[in-house]
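Written below as structure tokens is the structure these notes are about.
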Amino acid sequence: MADIEAFRDEVTHWAAGGTGSTARELARRLGLRTAVLLEGPSDLAAVETLAARLDRDLVAEGVAVVSMGGAMSVGRYAGLLGPPGLGLGLTGLCDVGEVRFYDRGWQRAGAPPDFFVCEADLEDELLRAIGPERAEEIIRSEGESRPWQTFVGQPAQHGRSRHQQLRRFLGTKKGRKIRYGRLLVEALDPARPPAPLDGLLASLRTGGRQAG
């Protein structure tokens, strides 16, 4: 059986200059209809974790969630996976500062604009949804109380809100955003996710918009 991880690997290879033939075959075997374009792996972890909590099998729904390694790659990925390439419907999730890249990417791919925007970024949305007290509980449960206290004691953090400190802390160590992306989603009330995540998953219930 075709594997979604293999498909993602082949899309990454294609975006780097490969032929895309294997990606096309895997998309066919998986029955993909829609691609969700995300900036990075922490966003992917959050989307897939929430889908699992809602008992959604996105691959079975014909959906491939793809991490692009940066918002500036969205034009390339939209072209490969959207109407000019595989002909999949396109949707996605981006930070407010990335909207211009997504707009251009969708336009270049000839696809209708169909993506969801976080107020600042996804970590910001998740932290606001669960609150700083719950976020600190998660940090303690992960055995990171000492790094957290060291971080908030730094002069650069003085005068910042707890929310701002938490958001910055998540980006201070490689891999932390991915790990906490899952953990913050697991702490959510699944019936009340942040609006961008809720909108994205709701839009996928019918397989997203079809290309063409």
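Residues take their numbers from the sequence shown, with the count starting at 1.
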Does the distance from a Lys or Arg side-chain N to an Asp or Glu carboxylate O, for E133 and R140, drop under 4.0 Å?
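No, E133 and R140 are not salt-bridged.
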Do NZ/NE/NH1/NH2 and the carboxylate oxygens of R33 and E61 come within less than 4.0 Å?
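Salt bridge: no.
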How would you list all residue pairs meeting salt bridge (Lys or Arg N to Asp or Glu O under 4.0 Å) that involve residues 158-169, not counting sequence neighbours?
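Only D121-R167, E136-R162 qualify under salt bridge (Lys or Arg N to Asp or Glu O under 4.0 Å).
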Could you grab the distance from atom [atom1] of [X] to atom [atom2] of [Y], nearest 0.5 Å is fine?
{"X": "T49", "Y": "L183", "atom1": "OG1", "atom2": "CG", "answer": "8.5 Å"}
{"X": "L44", "Y": "L122", "atom1": "CG", "atom2": "CG", "answer": "11.0 Å"}
{"X": "L32", "Y": "L26", "atom1": "CG", "atom2": "CG", "answer": "8.5 Å"}
{"X": "I138", "Y": "W148", "atom1": "CD1", "atom2": "CH2", "answer": "12.0 Å"}
{"X": "L126", "Y": "L166", "atom1": "CG", "atom2": "CG", "answer": "12.0 Å"}

Do V11 and I4 belong together in a cluster built from hydrophobic side chains that touch within less than 4.5 Å?
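Cluster IDs for V11 and I4 match.
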Side chains of E144 and Y180: any donor to acceptor distance under 3.5 Å?
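Y180 vs E144: donor-acceptor pair found between side chains.
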Quick check: does any side chain N or O of Y102 sit under 3.5 Å from a backbone N or O of L37, one acting as donor and the other as acceptor?
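Yes; at least one donor-acceptor contact below 3.5 Å.
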Could you check F7 against L30 for side chain to side chain contact (heavy atoms under 4.5 Å, CB included), going step by step and ending with a plain yes or no?
CA-CA 9 Å; F7 173 75; L30 286 163; 3.9 Å; yes
Taking salt bridge (Lys or Arg N to Asp or Glu O under 4.0 Å) as the definition, give me every residue that meets it alongside E137, ordered by chain and number, with sequence neighbours left out.
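E137: salt bridge (Lys or Arg N to Asp or Glu O under 4.0 Å) contacts with R134.
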Step through the shown structure and confirm whether more than 12 heavy atoms of other residues, nucleotides or ligands are within 6.0 Å of CD on E142.
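Counting other residues, nucleotides and ligands, CD of E142 exceeds 12 neighbours.
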Heavy-atom count check: over 12 atoms from other residues, nucleotides or ligands less than 6.0 Å from R179 CZ?
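More than 12 within 6.0 Å, yes.
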Quick one, R182 and E48 - any side-chain contact, counting heavy atoms below 4.5 Å?
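In short, these two side chains do not touch, never coming nearer than 4.5 Å.
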Throw together a table of side-chain donor-acceptor distances under 3.5 angstrom for residues 63-87, partners on residues two or more places apart or in other chains.
from	atom 1	to	atom 2	distance (Å)
R76	NE	A15	O	3.2
R76	NH2	W14	O	3.2

Could you walk me through whether D43 and K177 pass side chain to side chain contact (heavy atoms under 4.5 Å, CB included), step by step?
CA-CA 9 Å; D43 299 326; K177 273 191 176 184; over 6 Å; no
